[in-house]
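The analysis underlying the following values was restricted to heavy atoms, covering all of them including side chains, and did not include hydrogens, waters or symmetry mates.
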Amino acid sequence: QVQLGESGGGLVQAGGSLRLSCLASGRIFSSYVMGWFRQAPGKEREFVAMIHWSGGITRYADSVKGRFTISRDNAKNMVYLQMNSLKPEDTSVYYCAADRTARINTNPAAYDYWGLGTQVTVSS
């Protein structure tokens with residue numbers, strides 16, 4: 001069983017930066033694929049970024065490529081999402097998720113564990 005807790009959300013002006021953090025409990029966190037997803041009001045949950053357990057493989061949504069960076073520290077059971085050059089359309093609740101199968105996957109249905117989310121609001 002893995003429990004996830006996000007932090008670092010907030011209100012920022014367009015062009016600004018935020019760093020989201022996700023703390024995971026569980027002894028086998030280091031073997032899980034970790035992902036960040038987001039969901040805006042009235043919209044479906046969408047993939048943002050994922051990172052393989054080794055840290056050597058990452059994937060990004062086209063909408064955030066070049067602006068967001070996902071990273072992880074297995075020793076601290078932490079996953080991070082550095083968000084730069086934020087845009088108003090990045091406004092969403094951001095969720096951290098874990099996939100115990102360790103497959104490269106951008107489909108939220110493939111992820112087994114989810115945090116409660118953290119709100120990110122980007123003002124224009």
Side-chain angles (χ1 to χ4, degrees):
Q1 188 75 14
V2 174
Q3 292 184 323
L4 305 174
E6 304 93 338
S7 61
L11 173 63
V12 64
Q13 287 188 333
S17 298
L18 282 174
R19 188 195 197 202
L20 303 184
S21 299
C22 174
L23 175 62
S25 66
R27 293 179 296 171
I28 54 176
F29 164 82
S30 60
S31 67
Y32 289 180
V33 162
M34 299 299 297
W36 285 97
F37 295 80
R38 65 187 182 187
Q39 188 167 18
K43 295 187 177 181
E44 292 186 353
R45 192 165 296 188
E46 65 174 0
F47 168 75
V48 175
M50 59 77 59
I51 186 166
H52 191 258
W53 65 266
S54 67
I57 300 173
T58 58
R59 296 287 186 271
Y60 296 92
D62 288 342
S63 59
V64 307
K65 206 170 290 183
R67 300 188 297 122
F68 291 11
T69 302
I70 189 171
S71 61
R72 67 190 296 165
D73 185 337
N74 289 340
K76 297 181 179 179
N77 279 13
M78 295 291 294
V79 180
Y80 306 99
L81 186 68
Q82 178 66 44
M83 305 187 296
N84 299 329
S85 302
L86 282 161
K87 304 174 181 180
E89 51 264 43
D90 294 317
T91 296
S92 280
V93 177
Y94 282 73
Y95 297 90
C96 175
D99 178 4
R100 60 187 173 182
T101 65
R103 287 194 290 260
I104 306 301
N105 208 315
T106 62
N107 185 346
Y111 286 74
D112 304 290
Y113 305 105
W114 291 84
L116 297 179
T118 185
Q119 176 70 47
V120 171
T121 303
V122 184
S123 62
S124 56

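- Every side-chain contact (heavy atoms from CB on, under 4.5 Å) that Thr101 has, sequence neighbours left out, goes to Asp99, Arg103.
- Contacts of Asp62 classified as side-chain hydrogen bond (donor to acceptor under 3.5 Å, both in side chains), with partners at least two apart in sequence or in another chain: Lys65.
- Applying the ring-ring contact (aromatic ring centres under 6.0 Å, His included) test to every pair with at least one member in residues 54-92, sequence neighbours left out, gives no pairs at all.
- Ser7 meets the side-chain contact (heavy atoms from CB on, under 4.5 Å) test with Ser21; sequence neighbours excluded.
- Side-chain atoms of Asn105 never come within 3.5 Å of backbone atoms of Ala110 as a donor-acceptor pair (strictly under, hydrogens ignored).
- When the ring-ring contact (aromatic ring centres under 6.0 Å, His included) test is applied to Trp53, no partner is found at least two apart in sequence or on another chain.
- A ring-ring contact (aromatic ring centres under 6.0 Å, His included) check over residues 92-124, counting only residues at least two apart or in different chains, returns the pairs Phe37-Tyr111, Phe37-Trp114.
- Smallest separation of non-hydrogen atoms from Ala14 and Pro88: CB-CD, 4.1 Å.
- Ile51 and Ser71 get closest at one heavy-atom pair: CD1-CA, 3.8 Å.
- Here the straight-line distance linking atom SG of Cys96 with atom CG of Leu23 works out to 9.0 Å at 0.5 Å rounding.
- Listed by first and then second residue, the salt bridge (Lys or Arg N to Asp or Glu O under 4.0 Å) pairs involving residues 70-81 amount to none (not counting sequence neighbours).
- Residue pairs meeting the salt bridge (Lys or Arg N to Asp or Glu O under 4.0 Å) criterion with at least one partner in residues 1-19, sequence neighbours excluded, are absent.
- For Ile104, the side-chain contact (heavy atoms from CB on, under 4.5 Å) criterion is met by Met50, His52, Ile57, Arg59, not counting sequence neighbours.
- Across Ser85 and Ser17, no two heavy atoms sit closer than the pair N-OG, 4.3 Å.
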Counting only pairs under 3.5 Å, give me each side-chain donor-acceptor contact of residues 41-49, with atom names and distances, residues two or more places apart or in other chains.
unit_1 : atom_1 : unit_2 : atom_2 : d
Arg45  : NE     : Gln39  : OE1    : 3.2
Arg45  : NH2    : Gln39  : OE1    : 3.2
Glu46  : OE2    : Arg38  : NE     : 2.5
Glu46  : OE2    : Arg38  : NH2    : 3.2

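- Contacts of Gln119 classified as side-chain contact (heavy atoms from CB on, under 4.5 Å), with partners at least two apart in sequence or in another chain: Thr91, Val93, Thr121.
- Taking Arg100 as the reference, Asp112 meet the salt bridge (charged side-chain N to carboxylate O under 4.0 Å, His left out) condition, with sequence neighbours excluded.
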